[in-house]
Amino acid sequence: METKYWKLNCEEREAGQERSDSPADLEAIAEAAEMLRAGDTVAFPTETVYGLGADARNTEAVEAIFQAKGRPSDNPLIVHIADRAALEELVTDVPAAAAALMDAYWPGPLTVVLPLRPGVLSPRVTAGLDTVGVRMPDHPVALALLAAAGCPVAAPSANRSGRPSPTLAVHVLDDLAGKIGGVLDGGAAGVGLESTVVQVQPDGSVAVLRPGGITAAQLAAVAGDAAVTGASAAPDFTPPQEAAEALNHPAPDAAGKSSPAPRAPGMKYAHYAPQGWLSIVRGASPAGAAKTAADLLASARGRGETTGMLLFEEHLPLYPAGAADCVVSLGPLASPETAARSLYAALRRFDEAGATYILAEACPETGLGSAIMNRLLKAAAGRVINAE
Ligand code: TXA
Ligand code: MG
């Protein structure tokens, strides 16, 4: 299959001033919308990450998403809409707390899981559940595409399953060229991490199913009396044995024990995995963490590993020069927005560098930091090395 590529002009813009009303952009978006209506798959930019869209009513089209991504079929897809009127057609009930959250944060990086109206979507979208995750993205290209398609659009992140989510159109092409109908290139995605997924519980509390672009504090600010639960970074999988053993231990140790083999791609527990072995290093002090990391990197290199280090800008001087073959900065610790925007591209850089042994600094799990640590822990399959 040839994947159609549309380069949009909206990239030439001031931050937050995206426009996609140039005639060429509108033509590309109309063409992409026509493909969606015809049952094809199209990747498009959102304010979080690139999504791979298909008509959510069309089982064959939705099936093509799972095929292209190699995604396990029991993982439901988020449905994207352009306006609140479209929501009424999809769900049977909107609890008060959910309505308040949508009023405050739509369009935006918030997905709300609501009771599905039977028969309106392909059952493949919801993996047979009686609920559906709905989101209105805050990106002019996404909104224009959804409006032009005129149908609910199922869209997971536009990466091969197990790879970091795409924050640039080139990431989409790297993973899915030849497997999808087209990609609208609208430049870099904004937040860089996926939306926050929430569900209002029978007791009225707001459960965070996945931390993301909207922080726990932002949710609490508009949830009224409703409690916000489950907002910690801990990912929703049980670490496998190998990871459990590595937890709280500096592994591999300096005695020359070889590092665990790189995980097989597509293992269910690791959603955002680089190809190499990755562990987080957490320390009581930045200097302690850096010392432990530098020692582990040096011994890994001694074993013939290609090494990678993911760190925060101000900690760079704590490492010896050339501490790793590939050193990637997530920007200043004080700017979690920068780290969120750069995380997935950074993980892809380690793959390009052929890194087999990668360490990553931890960041405080507050605000957007919860979502960053959630994704890092997933990428590391739960492995954390505690430094002195
Ligand atoms: O920012 C985003 O949300 C991006 C962009 C493209 O919109 N999309 C995205 O989709 O991240 P995906 O498929 O990679 O992640 C969907 C998440 C999964 O964790 C899935 O389990 C959860 O949402 N989800 C979807 N529907 C659900 C439901 N009915 N109940 C519980 N969880 C649901
Ligand atoms: Mg995804």
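Numbering of ligands and ligand atoms starts at 1, following listing order.
Ligand 1 has no nitrogen or oxygen under 3.5 angstrom from a nitrogen or oxygen of Thr46. Not one N or O of Glu194 is nearer than 3.5 Å to an N or O of ligand 1, by distance alone.
Ring orientation note: the planes of His80 and Phe44 are nearly perpendicular, at an angle over 60° on the 30°/60° scale.
A side-chain donor from one of Ser195 and Thr111 sits under 3.5 Å from a side-chain acceptor of the other. Ser165 and Glu194 form a side-chain donor-acceptor contact under 3.5 Å, judged by distance and modelled atom types alone.
No more than 12 heavy-atom neighbours from other residues, nucleotides or ligands sit within 6.0 angstrom of CG on Asp225.
A distance-only check finds a donor-acceptor pair linking the side chain of Arg117 to the backbone of Glu88 [under 3.5 Å]. For Arg57 (side chain) and Pro152 (main-chain N/O), no donor-acceptor pair under 3.5 Å exists by modelled atom type. Judged by distance alone, the side chain of Thr126 and the main-chain N or O of Val132 form no donor-acceptor pair under 3.5 Å. Tyr105 places a side-chain N or O within donor-acceptor distance of the main-chain N or O of Gln218, the cut-off being under 3.5 Å.
Only the side chain of Leu209 comes within 4.0 Å of ligand 1, judged by heavy-atom distances. In Pro156, the parts holding a heavy atom less than 4.0 Å from any atom of ligand 1 are both the side chain and the backbone. Contacts between Gln199 and ligand 1, counted as non-hydrogen atom pairs separated by less than 4.0 Å, are absent for every part of the residue. Contacts between Thr131 and ligand 1 below 4.0 angstrom, taking non-hydrogen atoms only, involve backbone and side chain alike. Residue His139 does not touch ligand 1, judged by heavy-atom distances below 4.0 Å.
Within the listing of ligand 1, atoms 18 (C), 20 (C), 21 (O) sit less than 4.0 angstrom from a heavy atom of Asn75. Those atoms of ligand 1 that come under 4.0 Å of a heavy atom in Ser195, given as number and element, are 1 (O), 2 (C), 3 (O). Every atom of ligand 1 is numbered from 1 in the order shown, and the set under 4.0 Å from a heavy atom of Gly51 is 6 (C). Within the listing of ligand 1, atoms 12 (P), 13 (O), 14 (O) sit less than 4.0 angstrom from a heavy atom of Arg71. Interface atoms of ligand 1 facing Ala155, defined by a heavy-atom separation under 4.0 Å, are 6 (C), 8 (N), 10 (O).
The distance from the Mg ion (ligand 2) to the nearest N/O/S atom of Ser157 is under 2.8 Å.
With distances taken over non-hydrogen atoms, the option nearest atom 28 (C) of ligand 1 out of Leu129, Leu52, Val49 is Leu129.
Residue contacts with ligand 1 do not include Pro137, since none of its heavy atoms lies under 4.0 Å from the ligand.
Across all their heavy atoms, Met35 and Val42 have their closest contact at CB-CG2, 4.0 Å.
A salt bridge does not link Glu352 to Arg349: none of the charged nitrogens lies less than 4.0 Å from a carboxylate oxygen.
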